[in-house]
Amino acid sequence: MKHLIFFLSFTIVQFTIHAQMNVYPTHWWVGMKNPSLQLMVHSTKDINKNVIVTDPAITITSVHQPENKHYLFIDIVIKPNAQTGNYTFQFGDKSILQYELKKRETGHSNLHQGVHSSDLVYLIMPDRFSNGNKSNDAFSDLKDSISDRNNPYARHGGDIAGIVSKLDNLKKIGVTTLWMTPMMENDMPRMQEGKYWMSGYHGYWITNHYNVDKRLGSNDEYKNLVKVAHQKGMKIIQDAVYNHVGVYHNTVVDLPMKSWLNQWDSYQGANHREEVFMDPYASNIDKKIMIGGWFVPHLPDLNLANPYCAKFIIQNTIWSTEEFGLDGWRVDTYKYCDEKFLNEINIALEKEYPQLTFFGEAWTNSVPASAYFARNNIKASFNHNLHGVIDFPLNNAILEAVNQPFGWTEGIMKVYMTLSQDFLYQDPNKNCIFLDNHDTNRFFSIIGEDLSKYKMALGLLFTLRGIPQVYYGTEILMKNFKDPNDAAVRKDYPGGWVSDSINKFDSKQLSSNELDAYNFFGKLANYRKTSLPLTIGKTKQFIPQNGIYVYFKTYKDQTLMCVVNTNNDQSELQLDRFIESMKGFSKSMDVLNDNKKEPLAKKFVISAKSFNMYELVK
Ligand SMILES: [Ca+2]
Ligand SMILES: [Ca+2]
């Protein structure tokens, strides 16, 4: 090993004088199921393409130099007997690259465990949640060097340390899983979107796929967050962006090849129409613009049909899963990506991590369109292999259910109708279901800040099929419309900053309405965590009548009856229609109210605008 250490220090001296060489992935591991790896080597000068590796545990299978000679793509195969340590790549001009293979983390069994319908996902925008480390708020060497909480479009200083400090608060209210907006470096200046100059505080303008943004913390801090979460029995989902990168991304500043990006003669934005993929009458140009058009001018669109670009993203996603110990992925802008690439990356992830969960943001307005992007039962021109989608159709249905009067196709009927189309999905339980997120109006505002509607909507979210997701602050009634834009629904969590005048992480400081919401949230979320009927049970729904929706969740001999009354008046519910699900039970226990067992009568009296849940008892 001694001579290797000597080599390494020698190399550093050489390259500080001549050129800086970087390699991606920055390191890899021994013992991965796929022994093949493509190293993308980048230098500030032309790279000599004659390369050898001095250790027989690694074989070079091919070398590709693109038109930009600052790059070299080296395909290698790592032998099963390869040891951990540094491997030396020698180039024809005598320059040298050390590549490290590490030992895989095997210390705890709950790595890459996947996220299921028994989980509750809590979406956090780290910059806006809690500031645990004031010293990392701003850096003068970054293109956006200001942190300013008075500016809704600037960075506010929230970070990983803040999230770690609040894990127990979240666990207490039944949260099992965190999904954070992207954690990787966004070294971008402020960019104009509409009338406003925005910071990349949301994380979707990635400029380096291998470094956590230092305003959020370090790679080690992120690793530690996952470790601490796992120790508490919680899980972490990372947000991925396959479709685009920030205009200052390291591969855009020095482009490996023209075809790395989807390039147009003049700026071409995407048309945002998912119909082009499934529409039997679609035109070629519409599809080309959907896949290759740019999301906005400062987010270059990756050409994921380019095998080198595809491999860069696939290997980075595996690298991140391994490096940080992630349990799943939420994939941004899923419907804008090359379809073959999407299936390829899912297969590669599943091969290494069979339990890993991934769901995609295919923002669609119909069940067939959503199901198209997941494993489905549809005969279409392309078969996607995604586990589940972020369920926008059910989101619309729940919001209409609590907001619209009952009708033949309106109000709560929308939930019934939407679920009846689940035959299109192979496993609708893998969909991520939600009431709002960082791209939508906050649902408490949508429902007119009505606490009864809040409980109905949350009741539906926590008991319908799928993996429920809430947006940070839902438990304390954070509200707002996207007016004038997204920033209005991405406000700081009150109390996340020590200087805040009120701390809403402390339930003693909540208003009576907030406390009512917080308690309802915690009670139902903690109940569902261990409820087999709710998490893995079967659903049976009955046609809504007179504004009342009844469905049953059953697992073996356990049965739960859910009743949603969307009427503005108290209503009587005759039970004889539900005999097929109630047969053999003699009592009911009102889970959310008194928890008392009452003999089953012929009817229930259901409060106006309410969500009710009864455990049936023999
Ligand atoms: Ca900070
Ligand atoms: Ca695209």
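These values consider heavy atoms only, across backbone and side chains, with no hydrogens, waters or symmetry-generated copies. In each ligand, atom 1 is the first atom listed, and ligand 1 is the first ligand listed.
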Fill in: Residue among H230, K235, Q355 satisfying side-chain hydrogen bond (donor to acceptor under 3.5 Å, both in side chains) with D327
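Passing option: H230.
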Fill in: Y222 and Q238: side chain donor to acceptor below 3.5 Å
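Q238 and Y222 do have a side-chain donor-acceptor pair below 3.5 Å.
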Fill in: T251 versus W260, side-chain donor and acceptor atoms under 3.5 Å
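There is such a pair (donor and acceptor under 3.5 Å, judged by atom type) between the side chains of W260 and T251.
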Practice prompt. Return the set of protein N, O or S atoms whose distance to the Ca ion (ligand 1) is under 3.0 Å, each given as residue and atom.
Written response: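 Near the Ca ion (ligand 1), the protein supplies N131 OD1, N133 O, N136 OD1, D137 OD1, G157 O, D159 OD2.
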Starting at [atom1] of [X], measure out to [atom2] of [Y] and round the result to the nearest 0.5 Å.
X    : Y    : atom1 : atom2 : result
T418 : N395 : OG1   : CG    : 10.5 Å
N303 : N262 : CG    : CG    : 4.5 Å
Q315 : S320 : CD    : OG    : 11.5 Å
M184 : N316 : CE    : CG    : 6.5 Å

Discussion item. Return all protein N, O or S atoms below 3.0 Å from the Ca ion (ligand 2), chain by chain in residue order.
Written reply: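 N243 OD1, I291 O, D301 OD1, D301 OD2, Y336 O, with waters left out.
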Item to complete: Answer yes or no for R442 and Y472: cation-pi contact, defined as NZ/CZ to six-membered ring centre under 6.0 Å and angle to ring axis within 45°.
Response: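 Yes; both conditions hold, so R442 lies above the ring face of Y472.
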Item to complete: Assess whether salt bridge (charged side-chain N to carboxylate O under 4.0 Å, His left out) is satisfied between K134 and D137, documenting all intermediate values.
Response: CA-CA 6 Å; K134 273 180 83 171; D137 291 0; over 6 Å; no
